[in-house]
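As structure tokens, the structure follows; a few thoughts come after it.
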Amino acid sequence: MKFLQYSVLPFLLVVVILSFRGATLAHSHGDFLHCLSLHLANSSTISKVIYMRNNPSYLSVLNASIHNTRFSTPATPKPLAIITPLKTSHIQSTIYCSKKHGLQLRIRSGGHDFEGLSYVSGVPFVILDLLNFRAVKIDTKNKVAWVQSGATLGELYYGIAAKTKTLAFPAGICPAVGIGGHFSGGGYGILIRKYGLAADHIIDAQLIDANGRILDRKSMGEDLFWAIRGGGGNTFGIVLAWKIKLVPVPAVVTVFTVNKNLEQNVTKILHRWQYIAHKLPDNLYVDVGITKVSSSQAGKKTVQVAFIALFLGGVDELIPLVQERFPELGLAKENCSEMSWAESVLYFGRAPRRSLDILLDKNVIPRTIFKSKSDYVKEPIPESGIEGFLSMFLEKEADFAEMLMVPFGGKMEEIPENELPYPHRAGNLFQASYIVGWRKEENAESGKYISWIRRFYSYMATYVSKSPREAYFNYRDLDIGSNNISGHTSYQQASIWGFKYFKNNFKRLVQVKTMVDPMNFFRNEQSIPPLSSP
Ligand code: FDA
């Protein structure tokens, strides 16, 4: 009897609880779908909008926008359904039904979230995928555009380039990145020194809030409009579309790449770059990419530092400028190519430049498995420090590792820290980011690669921003802290990651969240929590 009491009863209890939970889950799942079907206009629409697990297209729709395949394994939690709305009323119904039946909603635009938060959750959830919201309307006369969140950066750039060579938009370089997540977190690219961030050029937006109301800048008010321009997605509502200001660029720009490696005195040149890059004229952007490559000595590896630049002008003006300001680089005319701004995006994205149609190809940059982290650097790193991190690239876990250094200064120096939620402005020499990748067949050993990047990050601590150690929201990193995914997260707990991404702007973001979504309907592991939630 004692035996029964102590070993079988707990087992029975677990079975009962699990069956009850399973029943509740199936119940809420069924109820959600029933609710949604009732709200959608007709049955032919339903088959184009709701993808349930038993739908033959479910996995292909799910996988179509997963960039980091670390979150695309059989063990990755999958949504109960994927909703691909065709019109705004479908989104309003999805909000209503998921709220009513207690399901978490994950909003997906381009699916490039570094930690997969737009399509993975540890609690029962549905994905709202904006793949049908991808219209781009360019108005060259007024130098503005409306772009829907489900469009990619490439579709936006293609739309601009189809009309003019002398307008551009200052956002990221990977054509397949989604507008929705990118604009929500700030968004930077090769025009950062001249024009700042994508978010700095948003002048209106269309948003659906937790009550299903459709708001524009005027009706949402300036606090919420401030918050959605950099305060992160999946927090304040679903942004359907953005009105942006386009920026002028010359019809011909120049790009160059100069590669130096450990055998070519690269430490000294990189050390020098830190004093020069942020002070160059703002029409010159020279970033740095560091990788491991084969050495000229057979069978050996070395570390390559690529200095890659965009100059908003012609080559004849560029060469004397670089020779005067950064002679150590040894820039020659044969390193340079003239092209249009849209082509320069492909050059930086390392995409083939056969035709601008490539901007529309969502698979132009291969999907990979990776972990990434970011930092901001305010004082030049001494040569000894540079030698230390360059040597870590020779370790065996760093075969698919890369460090990117993005120069600041220029426009970033002029914009006040609290202008938008993105706070990393004046006083930064550059943004540093680190990424480590591995092959699919090495997934079982992913721990050793993740340990490598965490060791790299620890090494960098001496040389980067402190109190807080700042990080870029769009380079999402769950190592720096996260919310409780069910239940309330306190302000103190969220401050651990919140101040790193937003510094003092985190306080205002919490106030806005408390005002517009006090029940915390829009949530994920790093969404802004309201001050208290039931
Ligand atoms: P995804 O759909 O995964 O969404 C990201 C987050 O935003 C999720 O939390 C999601 O729920 C939320 N969200 C998405 N759409 C929303 C909407 N309409 N309303 C509300 N919330 C929404 N960054 C950069 O600044 N410059 C760069 O050059 C690059 N380059 C780059 C290259 C590659 C290969 C990757 C994988 C990533 C980048 N990034 C980048 C980072 C990129 O800006 C970041 O991952 C964006 O959040 C991606 O936006 P997506 O819409 O693609 O992601």
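As the structure lists them, so they are numbered: ligands from 1, and atoms in each ligand from 1.
Close approach of ligand 1 to I173 is summarised as follows: ligand atoms under 4.0 Å from at least one heavy atom of the residue are 28 (O). The ligand atoms of ligand 1 that sit less than 4.0 angstrom from a heavy atom of Y475 are 23 (N), 39 (N), 40 (C), 41 (C). Counting the atoms of ligand 1 from 1 in the order shown, those under 4.0 Å from a heavy atom of G237 are 19 (N), 20 (C). Distances below 4.0 Å separate heavy atoms of R108 from the following atoms of ligand 1: 2 (O). Listed by atom number, the atoms of ligand 1 under 4.0 Å from G110 heavy atoms are 2 (O), 50 (P), 51 (O), 52 (O). Interface of S149 with ligand 1, defined as ligand atoms under 4.0 Å from a residue heavy atom, comprises 18 (N). For ligand 1, the atoms closer than 4.0 angstrom to any heavy atom of G187 are 25 (O). Listed by atom number, the atoms of ligand 1 under 4.0 Å from I238 heavy atoms are 19 (N).
A donor-acceptor pair shorter than 3.5 Å cannot be found between the side chains of W226 and N505. Side-chain atoms of S60 and S57 form no donor-acceptor pair, as typed in the model, at a separation below 3.5 Å. Side-chain contact of S121 with Q104: a donor-acceptor pair under 3.5 Å is present, judged by distance alone. Side-chain contact, Y195 with D282: no donor N or O sits under 3.5 Å from an acceptor N or O. In the model, Q92 has no side-chain atom that pairs as donor or acceptor with a side-chain atom of S89 under 3.5 Å.
Considering backbone and side-chain N/O atoms, G181 comes within less than 3.5 Å of an N/O atom of ligand 1. Below 3.5 Å of separation, one finds an N or O of G178 facing an N or O of ligand 1. For a threshold of 3.5 Å applied to N or O pairs, the pair formed by G172 and ligand 1 contains no separation below that value. Checked against a 3.5 angstrom limit, the closest N/O atoms of N234 and ligand 1 fall inside it.
Of the protein's heavy atoms, Y188 O, 2.8 Å lies nearest to atom 26 (N) of ligand 1. Ranking protein heavy atoms by distance to atom 38 (C) of ligand 1, first place goes to V177 CG2, 3.7 Å. Closest to atom 37 (C) of ligand 1, if we only count protein heavy atoms, is F114 CE1, 3.3 Å. Counting protein heavy atoms only, atom 3 (O) of ligand 1 is closest to S118 OG, 2.6 Å. Of the protein's non-hydrogen atoms, the one nearest atom 45 (O) of ligand 1 is H112 O, 3.0 Å. Annotation: atom 12 (C) of ligand 1 to nearest protein heavy atom, G233 CA, 3.8 Å. Closest protein heavy atom to atom 19 (N) of ligand 1: V239 N, 3.0 Å. When only non-hydrogen protein atoms are considered, atom 25 (O) of ligand 1 lies nearest to Y472 OH, 2.6 Å.
Using a 4.0 Å cut-off between heavy atoms, S109 contacts ligand 1 through both its backbone and its side chain. Within the 4.0 Å heavy-atom criterion, neither part of Y119 lies near ligand 1. Residue N524 touches ligand 1 through its side chain alone, judged by heavy-atom distances below 4.0 Å. Under 4.0 angstrom from ligand 1, the non-hydrogen atoms of H182 come from both its backbone and its side chain. Contacts between R476 and ligand 1, counted as non-hydrogen atom pairs separated by less than 4.0 Å, involve the side chain only. By the criterion of a heavy-atom distance under 4.0 Å, the side chain of L130, and not its backbone, is placed next to ligand 1.
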Given the rule in the salt bridge (Lys or Arg N to Asp or Glu O under 4.0 Å) test, do R350 and E402 qualify, once you have shown the distances and angles that lead to the verdict? CA-CA 14 Å; R350 292 170 221 167; E402 184 163 7; 2.9 Å; yes

Is there a ring-ring contact (aromatic ring centres under 6.0 Å, His included) between H278 and F430? Walk through the geometry before answering. CA-CA 7 Å; H278 67 288; F430 60 93; 8.9 Å; no

From CA spacing to verdict: ring-ring contact (aromatic ring centres under 6.0 Å, His included), Y376, H424: CA-CA 8 Å; Y376 288 85; H424 324 286; 4.0 Å; yes

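Proximity of a side-chain donor or acceptor of N234 to a complementary backbone N or O of I107 within less than 3.5 Å is detected. Judged by distance alone, with hydrogens and angles left aside, the side-chain atoms of S149 form a donor-acceptor pair with the main-chain N or O of V239 at under 3.5 Å.
Surrounding NZ of K165 are at most 12 heavy atoms belonging to other residues, nucleotides or ligands under 6.0 Å away. Annotation: R53, atom CZ; neighbour count of heavy atoms from other residues, nucleotides and ligands within 6.0 Å is above 12.
Between the CD1 atom in I83 and the CZ atom in R106 there is a gap of 15.0 Å [rounded to 0.5 Å]. Residue R523 holds its CZ atom at 9.5 Å from CD of E525, rounded to the nearest 0.5 Å.
Aromatic rings of F502 and Y422 (six-membered ring for Trp) have centroids beyond the 6.0 Å cut-off, not under it.
With a 6.0 Å cutoff to the six-membered ring centre and a 45° limit on the axis angle, R70 does not count as a cation-pi contact of F114.
At least one heavy atom of G111 sits less than 4.0 Å from an atom of ligand 1.
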